[in-house]
Enquirer: 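Sharing a structure below in structure tokens format, with a few things to ask.
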Protein chains: 2
Amino acid sequence: MSGGNRRRVTQRDVARAVGVTSATVSYALNGQPGVSDELRERIAKVADEMGFRPSRLAVGLRLGHTDTIGLLVPDVANPFYPELASGVIEAAAAEGLQVFVSQVGLDGRDQLRVITALVDSHCEGLLLTAVLPEDASMLKELQARRIPFGLINRRIEDLPADWVGIDDFAAAKELVAQVVGSRRSVAIFGGPERSSVSAGRTAGALAALREAGLEPLPDGRAGALTRDSGAERARALFDSQGPVDLVVCGNDVIALGVMDVCYERGLSVPQDVAITGFDDMSFASAGPLRLTSVEVPRQEMGRRAVQTLRRRIAGFDGEAQVVELPYRIRRRSTA
Amino acid sequence: MSGGNRRRVTQRDVARAVGVTSATVSYALNGQPGVSDELRERIAKVADEMGFRPSRLAVGLRLGHTDTIGLLVPDVANPFYPELASGVIEAAAAEGLQVFVSQVGLDGRDQLRVITALVDSHCEGLLLTAVLPEDASMLKELQARRIPFGLINRRIEDLPADWVGIDDFAAAKELVAQVVGSRRSVAIFGGPERSSVSAGRTAGALAALREAGLEPLPDGRAGALTRDSGAERARALFDSQGPVDLVVCGNDVIALGVMDVCYERGLSVPQDVAITGFDDMSFASAGPLRLTSVEVPRQEMGRRAVQTLRRRIAGFDGEAQVVELPYRIRRRSTA
DNA sequence: CTGAAAGCGCTTACAG
DNA sequence: CTGAAAGCGCTTACAG
């Protein structure tokens, strides 16, 4: 009764109990022909009673595939990713694929380590959401080793690879064009410059401003996609410039930080300062917040990425599939 | 150049390239004695050049362990869990364990399937955050099969098992005692009754009200931990009772739904309706929200759970470890 | 319809 | 210091 008797029930144990060979158990349980119905049922019954479960390690080793894929996200604490992950997990389950979700850090610091671990575990494909330009050589290596992968959201210039996302440039441009009105002093608080998504959003916002004959304030253009970063940049800007008319933020979390500072300083939104976010995270629509933002079809992005990846795993070898999904401007109370 | 040449580089390939046996490669790479330094270096170099990575499937099968644990959460879209997951992942990495995080659905619908899959994959331990009373027999089965697991947050009565959490009853009681003041008509919008956490919070709130000589309104006491559920219950309540003085919510997400309805109907918070949340999710402290809540040490919960689980995996067979962590009332603007 | 054997990619006693 | 062999738990041709 005591001590570590943690041995698994094996196919062989079942075989012995039934009085057949382990191959017969395998045939019976996998629905292969060549086993009488009566015997098949008896084996199934005994296997079930004994709690036999085939070892995925052994099956994977033998079969050479594992029906698993990996999803890499920078930081599960950013609400953007859990919703994307839901889409991926659901779609994968429908395809009979199990997904391992891993964090790689805001700066992608653990990305290589995580990819290596997943590939070592015979993961059959990878979905990457946090690539940076410097990852290009790693991705080329993946391609050379014929490990299927897909990019979600962020992409890398000149690297042909499957990708699902939105047109961040167009979305940001459209958003800013809608909200700028008569606001003259405008700041852009974008995300990390090296993220293609953040770069696209910043460029789009800039384009809209220039079309309106405006030049944004130079400070705080790039930074982390965090609330603290938004707050710090807002404090610095308000200290140096006084309150500005409009702050265009790279995502909703940065916008939250800016709103924190407005609250601290008794500035009213949008009368004193207008604010836009991006991503339309769930909290953005909350009654007291009513953040103007851009809805990104996160679940759908996940689903589409899985579909493309599954085809690659199945051996599809055609050119890079690029899927650009529609976005939606969500005009609310903050701008 | 074309077609699916996706074969892995194996230990044997390295051995052949160096001109030794595959055992020697294993010894060399695993730092076992009996290989000259010169040869060891040569093997390491060739292995690296060829991109050799030991198959985790094969190693796991051979060694009988995989250094992986599973974390089961109901729904990654609930911001409570990603932060808990961070704590788990970090602590696990420090212990050399990889963690597989899986969703099991708000009602735990997929829990059994996911546990089975993880155990089939030779996962060495499980961390469960979404157990319900009806899971007791499944957990006993896990114990019988000597599969180490730990409970986080929710627990099951009369089932001795490792657990990490807070005293939800005491926290809710303290929170309500602090905010009730002269409010007379009070509603409790709790989470699912069968969740020990939600039940404890509701009971604590009830106890505080009764000590204040109050009986809460009977409607909407239990429901889902979602914003929609909070909004629906608030609409139903306000329609039937008119606005109430105070709504005590089972978590911050429910509270957000209640705030949505207050906003819809032009009720001011906390003047017309006071609201409390629970969990102190990141959005709760946002400037325009300032939700009164209870801070739960999510990261620390994750860390402690991993530590306990690791000891179990290492063979510790002592009695159930119960870790009750401190919470903190966060009084802000909504109550 | 059933059994014996090989092999997936490793590690580890055991001989030399 | 190095090699041949067994075995982890499966699946799948191949004989009977």
Side-chain angles (χ1 to χ4, degrees), chain A residues 5-44 46-47 50-68 116-117 119-124 145, chain B residues 5-44 46-47 50-68 116-117 119-124 145:
Chain A
N5 168 34
R6 213 180 289 163
R7 201 180 140 277
R8 300 171 67 99
V9 175
T10 127
Q11 194 184 69
R12 203 187 166 124
D13 297 329
V14 177
R16 253 198 279 265
V18 178
V20 295
T21 195
S22 119
T24 306
V25 174
S26 174
Y27 288 133
L29 263 25
N30 292 319
Q32 300 289 31
V35 186
S36 70
D37 286 354
E38 191 257 347
L39 180 58
R40 191 186 301 273
E41 265 175 45
R42 192 147 56 94
I43 288 174
V46 172
M50 296 178 74
F52 166 68
R53 300 281 330 173
S55 156
R56 285 214 185 192
L57 259 37
V59 173
L61 187 58
R62 176 62 234 234
L63 258 35
H65 68 257
T66 53
D67 296 332
T68 59
T116 304
V119 172
D120 290 355
S121 301
H122 297 234
C123 225
E124 303 193 69
R145 294 175 59 183
Chain B
N5 170 33
R6 213 180 288 160
R7 202 179 139 277
R8 300 171 69 98
V9 175
T10 125
Q11 194 184 71
R12 204 188 166 123
D13 297 329
V14 177
R16 253 197 280 263
V18 179
V20 295
T21 197
S22 120
T24 306
V25 175
S26 173
Y27 288 132
L29 263 24
N30 292 319
Q32 301 289 31
V35 186
S36 72
D37 285 354
E38 191 256 345
L39 180 57
R40 191 186 302 274
E41 265 176 44
R42 193 148 55 94
I43 289 174
V46 172
M50 298 178 72
F52 167 68
R53 300 281 328 172
S55 156
R56 285 216 184 188
L57 259 35
V59 173
L61 188 60
R62 176 63 234 231
L63 259 34
H65 69 257
T66 54
D67 295 333
T68 60
T116 304
V119 171
D120 290 355
S121 301
H122 297 233
C123 224
E124 304 195 70
R145 294 175 60 182

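Sequence lines set the chain letters: A, B, ... in the order given, protein chains first and strands last, and positions in each chain run from 1. Only this structure's heavy atoms are used, side chains among them; waters, hydrogens and symmetry mates stay out.
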Enquirer: Could you tell me whether the phosphate oxygens of dT12(C), OP1 or OP2, come under 4.0 Å of any side-chain nitrogen or oxygen in Q32(B)?
Expert: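 For Q32(B), the contact criterion (side-chain N or O under 4.0 Å from OP1 or OP2 of dT12(C)) is met.
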Enquirer: Rounded to whole angstrom units, what separation is found between the CD1 atom of I43(A) and the P atom of dT11(D)?
Expert: 13 Å
Enquirer: Within the 4.5 Å heavy-atom criterion, are V119(A) and R145(A) side-chain neighbours or not?
Expert: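 V119(A) vs R145(A): side chains touch.
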Enquirer: Below the 4.0 Å mark, does dG3(C) have OP1 or OP2 next to a side-chain nitrogen or oxygen of T24(A)?
Expert: yes
Enquirer: Sub-3.5 Å donor-acceptor pair from the side chain of R40(A) to the main-chain atoms of A28(A), do we have one?
Expert: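 Checking the backbone N and O of A28(A) against the side chain of R40(A), a donor-acceptor pair under 3.5 Å is found.
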Enquirer: Want to settle it: does T21(A) or Q11(B) sit nearer the 5' end of DNA chain C, counting the closest nucleotide to each?
Expert: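 So the residue in question is T21(A).
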Enquirer: Can you measure Y27(A) atom OH to dG3(C) atom P for me and round it to whole angstrom units?
Expert: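 In whole Å, dG3(C) P and Y27(A) OH are 11 Å from each other.
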Enquirer: Just checking G34(B): base, sugar-phosphate only, or nothing, at a heavy-atom cut-off of under 4.0 Å?
Expert: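 Base, at least one base atom sits under 4.0 Å.
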Enquirer: Can you work out whether G19(B) or A58(B) has the more 5'-proximal nearest nucleotide on DNA chain D?
Expert: G19(B)
Enquirer: Categorize L63(B) for me: base, sugar-phosphate, or nothing, with a 4.0 angstrom heavy-atom threshold over every strand shown.
Expert: sugar-phosphate
Enquirer: To the nearest angstrom, how far is D13(B) atom CG from dC10(C) atom P?
Expert: 9 Å
Enquirer: Let me see the working for Q11(A) and L29(A) under side chain to side chain contact (heavy atoms under 4.5 Å, CB included), right down to the final yes or no.
Expert: CA-CA 10 Å; Q11(A) 194 184 69; L29(A) 263 25; 5.8 Å; no
Enquirer: So, applying side chain to side chain contact (heavy atoms under 4.5 Å, CB included) with V20(B), which one of V35(B), V25(B), V46(B), V14(B) is it?
Expert: V25(B)
Enquirer: Counting only Watson-Crick pairs (N1-N3 plus N6-O4 or O6-N4) and G-U wobbles (N1-O2, O6-N3), all under 3.5 Å, who is the partner of dA13(D)?
Expert: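 For dA13(D), the partner nucleotide comes out as none, under the 3.5 Å rule.
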Enquirer: Separation of R16(B) atom CZ from dC10(C) atom C1', in whole Å?
Expert: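 Nearest whole value for this atom pair: 15 Å.
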Enquirer: Using a 4.0 Å heavy-atom cut-off, does S26(A) contact any base of the nucleic acid, only the sugar-phosphate backbone, or nothing at all?
Expert: base
Enquirer: Can you figure out which of dG7(D), dT11(D), dT12(D) approaches the side chain of A23(A) most closely?
Expert: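 Ranking dG7(D), dT11(D), dT12(D) by closest atom to the A23(A) side chain puts dT12(D) first.
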Enquirer: Begin from the C-alpha positions of D13(A) and R7(A) and carry the test salt bridge (Lys or Arg N to Asp or Glu O under 4.0 Å) through to its verdict.
Expert: CA-CA 11 Å; D13(A) 297 329; R7(A) 201 180 140 277; 3.0 Å; yes
Enquirer: Should S22(B) be listed as having a side-chain N or O under 4.0 Å from OP1 or OP2 of dG9(C)?
Expert: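 For dG9(C), OP1/OP2 do not have a side-chain N/O of S22(B) under 4.0 Å.
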Enquirer: Any base atoms under 4.0 Å from T10(A), or only sugar-phosphate, or nothing? Heavy atoms, all strands.
Expert: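 If one applies the 4.0 Å heavy-atom cut-off, T10(A) turns out to touch the sugar-phosphate alone, with no base involved.
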Enquirer: Counting only side-chain N and O atoms of S55(A), is one of them less than 4.0 Å from OP1 or OP2 of dG9(D)?
Expert: no
Enquirer: Taking atom P of dG9(C) as reference, at what distance in whole Å does atom CG of L57(A) sit?
Expert: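 Nearest whole value for this atom pair: 14 Å.
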Enquirer: Answer with base, sugar-phosphate or nothing: what part of the nucleic acid does R53(A) contact at a heavy-atom distance below 4.0 Å?
Expert: sugar-phosphate
Enquirer: In whole Å, I'd like the distance from the CG atom of L61(B) to the P atom of dT11(C).
Expert: 12 Å
Enquirer: Nearest whole angstrom, please: distance from the P of dG3(D) to the CG of L39(B).
Expert: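 Checked: the CG to P distance equals 8 Å.
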Enquirer: Check whether any side-chain N or O of S121(B) sits under 3.5 Å from a backbone N or O of C123(B) as a donor-acceptor pair, and report yes or no.
Expert: no
Enquirer: Send over the distance from R12(B) CZ to dA4(D) P, rounded to a whole Å.
Expert: 11 Å
